[in-house]
Every structure is written in C-alpha cells, then in structure tokens.
Undergrad: 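One structure is given below, represented as structure tokens, and several questions about it will come after.
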Amino acid sequence: MRKLFTLGAVASAVILGGCQTTDSTVNAPVAHIYGTQEPFAKEAVYFVMTDRFVDGDPRNNFEQQGGDHPSWSLRLEGPDGKFANAGYMGGDFKGILQNIDYIKDMGFSAIWITPVLDNPDQGFTGDEPISYGGMFKDGGKSGYHGYWATNFYKADEHLVSDDLTVSDFTSAMHDAGFKVVFDIVANHGTPSWTMPEDQPGYGELYDKDGNLVADHMNLPPESLDPENEPLHRFFHPYPDLVKLSNLNEHHPDVQEYLINSYLYWIEQGADAFRIDTIRHVSHDFWRTMSDRIRAEHPGFYMFGESFQYDANFIAQHTQPKNGGISVLDFPMQKAMVSVFENADSDFATLADTLYLTHGPYHNPYELTTFYDNHDMARMNASDEGFIDAHNWLFTARGIPVVYQGSEFGYMRGTSEHQGNRNYIGQARLDAAVSHPIRSKLSQIASIRQALPALQRGLQYNVRLAGHEAVFFRVVQDDDAQQTALVMLNKSDSPLVMVADTYVEPGKWKEWVTGEDVTISEQGITATVPAHGVRVFVKNGTLQSADFEQALLTQMARQ
C-alpha cells in the first residue's frame with residue numbers, strides 16, 4: 001500500500017512498507033535504550049557574556065571608576081569604522097531578567113553566564129597594549145568579562161544591583177523555569193606583573209571576609225618565593241597564560257579557597273558549572289574538586305573548556321578517574337564550521353566527530369555542542385548556514401549551546417577584538433525577534449524541548465552524505481519510550497529523502513508541520529524543504545526485534 005499526504009505548504013511525503021512484530025517481543029521486558037540518563041541533557045543553553053548583553057541598571061555602570069586607568073568603554077578603533085571594546089559596557093543581571101521571554105521563546109531552558117566574580121576596578125597597565133584585532137595581550141583591558149577574579153567569593157559590582165543580589169537573580173531565573181550555569185576558574189587570577197606601578201586588585205586575592213590571602217606583588221613568576229613569603233604560596237613560580245597569575249592547585253590552601261568558593265556559589269543558586277581553561281589544571285585537582293562537590297550535591301553537572309581539537313585529549317576529563325567532568329565539544333565545533341560556512345560541504349564531515357561507538361569519551365551524549373563562542377571567531381555563515389547549523393545542533397547528540405547574538409548572525413566572522421564581544425543592547429534584541437535565523441532556531445529548539453528522544457536518545461545514523469543527514473534518536477526506558485527520525489537538508493533546493501530500514505508501522509507525528517501520519521508499510525520517503533528539517537516521531541516501545549538489537553549493540557559499544 002502507498003499513502004500520499006501533505007506536510008504543510010512546502011513538503012510532501014510518501015509512506016511505504018511494513019514492519020513485522022516478532023512473538024519474542026510480546027510481554028518481554030522492555031530493553032533500556034538511551035544515549036544518556038544525565039538530567040542536564042534535557043537542557044538547551046543560551047550563553048550570555050553578561051557585560052555585553054543588555055544594560056538593565058545604569059546605576060551600576062561606574063563609568064568614572066578607575067581614575068587615571070579607566071575601565072569603562074575602552075574602544076579599539078579598526079579600519080573602515082570597525083571597532084571593538086576592551087572595557088565595561090553596562091550589561092548586568094537586570095538586563096538578562098528583562099529579556100527572559102526573549103530567551104525562553106527561542107526554546108532555551110538554561111543560561112550560562114560569564115563569571116560573577118569581582119574583578120579589578122582599573123584598566124590593566126602592564127603587558128603589551130591591546131589593539132583592534134589583537135590577541136594574547138592584556139595591556140589596556142579591563143576585567144569586564146569576569147575571568148580576572150580578585151575575590152572568588154564576591155560578586156562584581158557591575159553585575160548586581162542595590163535591589164538584586166546574585167541569589168535574587170538565580171531565584172528569579174529559577175522561577176522563570178531556567179537553570180543557571182556559572183562559569184568558574186581555577187587556573188588563574190588577574191594579570192599580575194609587568195605593571196609600571198603595582199595596581200590595586202591586580203595580582204591580589206581576597207577571602208570571603210575581605211582579607212588579603214595572596215599577592216603577586218607585581219613580580220614575575222620566577223621571582224616569587226612561595227616557600228618563604230606567605231602571600232606567594234597561592235602561585236606557581238612559573239608562567240602559564242599571558243601575564244595571568246598561575247594558581248598552584250596542588251597547595252592545600254588553594255584547594256580549600258577554590259573549592260569552598262564553588263560550593264558557596266552553588267548555595268547562591270548555581271545549577272551547573274562551566275569550567276574555564278580546564279586543561280591548564282591537573283586531573284588530580286578536578287577529581288578532588290568533583291568528589292567534594294558531588295558529595296554535597298550528587299549528580300551536579302559540569303563541563304569544561306579544553307580548547308583543543310583532539311578528541312582523545314579533551315576526553316580525558318570525562319573519565320570518572322579524572323573527575324567525570326564533561327567538556328565542550330571542540331572537535332565537532334571545528335567540523336560544524338567547515339560544514340555550515342561552506343555551501344558545497346558534505347554532512348559526512350560531521351560523522352567522525354560524533355563518536356557514537358568506540359569513542360574516547362565516557363559518554364559523548366553529555367558533551368556540550370556549539371559552533372562559536374566568545375573566545376573564537378563567530379561562524380562566518382549565511383543566514384541559511386546558521387539555520388542549518390541549528391537544525392543539526394538541536395537534533396544530533398549532545399547538549400546544544402548558542403552564544404548570544406548568533407541567533408541573528410551578529411558580528412559574524414569576527415574574532416574577540418574585532419567585534420565578537422561587542423555590546424548587543426536592547427534595541428538589537430528587539431529588532432532580532434523576527435530575524436529568520438532566530439525564527440527557525442525557535443522552531444527546532446522548541447521541538448527538542450518537547451521530545452525526550454532528541455534530548456537523550458541514542459543516535460543511530462542512516463545516512464550522512466552530501467546535503468543530507470538522516471538519523472534516528474531512540475529512547476526507551478522507564479521515563480520515556482520514543483523514536484524520532486530526523487531528516488536534514490542543507491541544500492538550496494528541496495530534496496527527496498528516504499529511510500527504508502527500521503521504520504515501524506503505526507502512528508507517527510511530523511513535528512515541524514504538526515501533521516499526524518499513519519505508516520502501514522516499511523519506509524518513509526519525504527520531501528524536505530531547502531535548508532529544512534523533518535522530525536517524525538512515534539511514541540511507544542519498539543516493535544522490531546532487529547532494530548532493538550541493532551540499537552543495543554551500538555549502545556554496548558559506545
């Protein structure tokens with residue numbers, strides 16, 4: 001039997017084939033099939049660089065702060081009117097709260113914010129001066145980004161308000177249905193030497209009571225004396241990243257200082273951690289840290305930034321012996337950029353980065369997936385390229401992360417000091433509500449939000465080739481029994497796609513169009529629009545013993 005039906009105004013599908021149910025499946029125990037059972041896998045994360053988002057409270061801008069070394073609006077001029085900025089721009093927690101609906105309407109359920117920690121009040125006078133397009137220099141910059149902490153227990157005054165503490169902010173986010181991911185650091189403090197004259201805050205660390213516990217004293221690392229100078233004991237006597245103090249994570253006092261600070265911020269409402277520069281700190285520290293965190297907060301989810309494209313290298317952090325911390329999926333990020341920046345690319349490029357079997361990760365489904373962020377050039381794709389990227393990001397394995405502004409292609413192709421971190425502001429967000437990238441993102445992210453199969457289901461590839469990607473996501477456990485068949489088209493024309501293996505008969509729903517479909521014979525042939533997606537979903541346990549066995553075999557080799 002052939003049944004023809006219409007999938008909205010732009011697509012059609014032909015349903016073919018039948019699937020036999022074997023007697024062995026009747027009344028048999030349900031086999032558990034899933035990619036992960038990590039609760040955080042159901043989230044989709046919107047990454048906010050708080051100072052560069054929206055200024056919700058001008059009273060906390062402190063534009064005159066810093067005196068002779070200002071920290072406000074340190075503009076870096078580029079050619080042809082281009083510019084970037086290395087100073088504070090006013091974004092704060094109130095700015096995020098004022099745009100909760102903007103973020104929620106896109107289908108996000110978690111927000112990752114840059115560090116809340118107190119940073120120095122002045123612009124840094126050491127190192128080589130930063131200029132437009134420059135990298136790996138800190139001269140003339142401020143700590144607007146939050147990664148130059150002087151006190152790991154104190155919130156930066158530019159982010160909070162007189163009537164809005166960090167705890168107030170997280171409570172409001174929780175009331176709105178959001179998880180809040182805090183960005184934490186263990187590798188470093190502030191830029192700490194090469195200043196013409198020692199500046200307040202730089203090279204210094206204070207405890208929760210405001211007491212000075214460490215001071216680099218504007219000395220190069222090799223001149224520190226940790227054995228005899230108590231204020232040097234927090235530091236390694238050798239450099240690591242630019243002029244940043246290199247914290248000695250092996251020292252018991254440093255461990256207590258850092259780990260207790262992380263526990264403090266969980267008390268203030270952190271639901272998960274993103275860990276900065278995780279590869280610059282020993283596995284031993286992360287194991288100690290994760291054991292302590294999870295002893296008090298079982299199952300607490302964490303993911304780290306190991307800025308490397310070698311999966312075997314970054315996967316070390318995911319192993320339980322090293323702390324069981326997930327990571328940002330840099331290998332997939334590199335592959336996504338190569339695929340979605342280029343119209344003639346091949347979906348097959350993404351296949352090897354999935355590591356669905358025999359991979360190095362403890363669990364690849366728990367990785368956070370992304371295509372750009374604040375530390376690299378934004379993806380330089382067309383609107384259609386961003387749409388295709390989101391269709392992949394929100395249907396393939398992993399926990400999707402989107403950097404603020406990428407939902408409307410903001411400053412695409414620019415790096416950190418070329419505009420990647422430029423201030424967005426309320427007017428741009430208001431104008432972006434109907435942007436085609438954002439509209440399509442909202443559609444596919446909302447579908448993922450509704451479907452357990454896309455959140456944590458096992459991914460079984462049918463075909464990744466040319467402009468086509470066809471794959472199953474299947475979850476079958478005590479909480480959900482659902483099969484999703486995903487079809488992606490990244491070409492400029494509609495494509496007819498076929499799935500003729502393991503497609504079970506019964507009632508399915510295509511979630512993009514909302515069409516209900518009854519499949520009575522084996523296989524689906526569907527016309528998928530240009531730069532479009534189709535997500536066919538069937539609820540209930542698997543009926544095909546052969547498909548179930550194929551999934552269990554893949555799961556066993558994960």
Side-chain angles (χ1 to χ4, degrees), residues 38-60 90-116 146 155-156 158-184 264-274 297 299-303 368 370 390 393-394 399-408 424-435 438-439 441-452 454-455:
E38 164 59 53
F40 199 83
K42 71 177 182 294
E43 315 298 344
V45 183
Y46 188 68
F47 172 31
V48 174
M49 176 162 261
T50 309
D51 175 74
R52 301 307 172 84
F53 192 56
V54 171
D55 186 357
D57 182 3
R59 296 172 299 175
N60 64 11
D92 49 35
F93 292 151
K94 282 196 172 182
I96 296 175
L97 291 177
Q98 290 167 7
N99 288 281
I100 283 295
D101 290 340
Y102 172 88
I103 300 169
K104 179 179 286 188
D105 289 348
M106 286 189 285
F108 292 103
S109 56
I111 293 184
W112 156 20
I113 54 174
T114 40
V116 305
D156 194 279
H158 297 87
L159 306 180
V160 295
S161 299
D162 290 341
D163 58 348
L164 186 73
T165 65
V166 173
S167 180
D168 294 335
F169 168 70
T170 57
S171 293
M173 294 297 295
H174 294 157
D175 290 344
F178 279 88
K179 297 283 197 304
V180 185
V181 181
F182 276 42
D183 205 322
I184 64 168
Y264 171 77
W265 293 114
I266 295 175
E267 293 171 2
Q268 305 310 304
D271 298 292
F273 285 152
R274 179 266 187 183
H297 305 278
F300 192 83
Y301 179 74
M302 296 179 275
F303 63 100
T368 43
F370 68 111
H390 292 146
L393 195 67
F394 284 82
I399 303 170
V401 179
V402 175
Y403 178 36
Q404 65 181 35
S406 288
E407 72 272 16
F408 54 93
I424 292 179
Q426 192 63 55
R428 285 194 182 90
L429 292 187
D430 292 343
V433 169
S434 59
H435 195 284
R438 184 181 184 274
S439 296
L441 165 61
S442 300
Q443 181 183 68
I444 194 61
S446 295
I447 290 173
R448 183 187 188 275
Q449 195 171 50
L451 299 178
L454 294 187
Q455 297 165 11

Undergrad: Take V402 and F394, measure what side chain to side chain contact (heavy atoms under 4.5 Å, CB included) needs, and give me the verdict at the end.
TA: CA-CA 10 Å; V402 175; F394 284 82; 4.1 Å; yes
Undergrad: Can you tell me how far the CG atom of D51 sits from the NE2 atom of H158, to the nearest 0.5 Å?
TA: 8.0 Å
Undergrad: Answer yes or no: is there a side-chain heavy-atom contact under 4.5 Å between M173 and L97?
TA: yes
Undergrad: Looking only at heavy atoms, what is the nearest atom pair of G146 and P115, with distance?
TA: O-CB, 3.2 Å
Undergrad: Indicate the atoms forming the closest heavy-atom contact of A41 with R448, along with that distance.
TA: O-NH2, 2.8 Å
Undergrad: Which pair of heavy atoms, one from L164 and one from F169, lies closest together, and at what distance?
TA: CD1-N, 3.8 Å
Undergrad: Are F408 and I424 packed together at the side-chain level, in the sense that at least one heavy-atom pair is separated by less than 4.5 angstrom?
TA: yes
Undergrad: What's the separation between atom OG in S442 and atom OH in Y102, rounded to the nearest 0.5 Å?
TA: 8.5 Å
Undergrad: Does the separation of the ring centres of F300 and F273 fall below 6.0 angstrom?
TA: yes
Undergrad: Got a donor-acceptor contact below 3.5 angstrom from the K179 side chain to the E43 backbone?
TA: no
Undergrad: Would V116 and F93 count as a side chain to side chain contact (heavy atoms under 4.5 Å, CB included) if you check the C-alpha gap in whole Å, the side-chain angles of each, and the deciding distance to 0.1 Å?
TA: CA-CA 10 Å; V116 305; F93 292 151; 3.7 Å; yes
Undergrad: List the atom of V54, the atom of Q98, and the distance in Å for their closest heavy-atom pair.
TA: CG1-OE1, 4.5 Å
Undergrad: Taking the side chain as C-beta and beyond, is there a heavy-atom pair between W265 and V166 under 4.5 Å?
TA: yes
Undergrad: From the options F178, F303, F370, F182, select the one residue that forms a ring pair (Phe, Tyr, Trp, His ring centres under 6.0 Å) with W112.
TA: F303
Undergrad: Might you point out which heavy atoms bring E407 and Y46 nearest each other, and give the distance in Å?
TA: OE2-OH, 2.8 Å
Undergrad: Measure the CG-NE2 distance between D271 and H174 for me, rounded to the nearest 0.5 Å.
TA: 3.5 Å
Undergrad: Measure from the side-chain N and O atoms of R438 to the backbone N and O of G405, and report whether any donor-acceptor pair falls under 3.5 Å.
TA: no
Undergrad: Which residues pass the ring-ring contact (aromatic ring centres under 6.0 Å, His included) test with F53, not counting sequence neighbours?
TA: none
Undergrad: Would you check if the side chain of T50 reaches a backbone N or O of I113 as a donor-acceptor pair within less than 3.5 Å?
TA: no
Undergrad: About how many Å separate CG of D92 and CG of D57, when rounded to the nearest 0.5 Å?
TA: 5.5 Å
Undergrad: Nearest 0.5 Å, what's the CD1-CD distance between I111 and Q404?
TA: 10.0 Å
Undergrad: Okay, side chain of Q426, backbone of D55: is any donor-acceptor separation there less than 3.5 Å?
TA: no
Undergrad: Look up atom CG in L159 and atom OG1 in T165, then write down how far apart they are to the nearest 0.5 Å.
TA: 12.5 Å
Undergrad: Is it the case that the side chain of E38 and the backbone of F40 share a donor-acceptor pair, with hydrogens and angles ignored and the cut-off at 3.5 Å?
TA: yes
Undergrad: I'd like to know if the side chain of S109 reaches the main chain of A44, judged simply by a donor and an acceptor atom lying under 3.5 Å from each other, with no hydrogens or angles considered.
TA: yes
Undergrad: Just by distance, do the side chain of Q443 and the backbone of L441 share a donor-acceptor pair under 3.5 Å?
TA: no
Undergrad: Less than 4.0 angstrom from a charged side-chain N to a carboxylate O is my criterion; do D163 and K94 meet it?
TA: yes
Undergrad: Please walk me through it: do V160 and N60 pass side chain to side chain contact (heavy atoms under 4.5 Å, CB included)?
TA: CA-CA 7 Å; V160 295; N60 64 11; over 6 Å; no
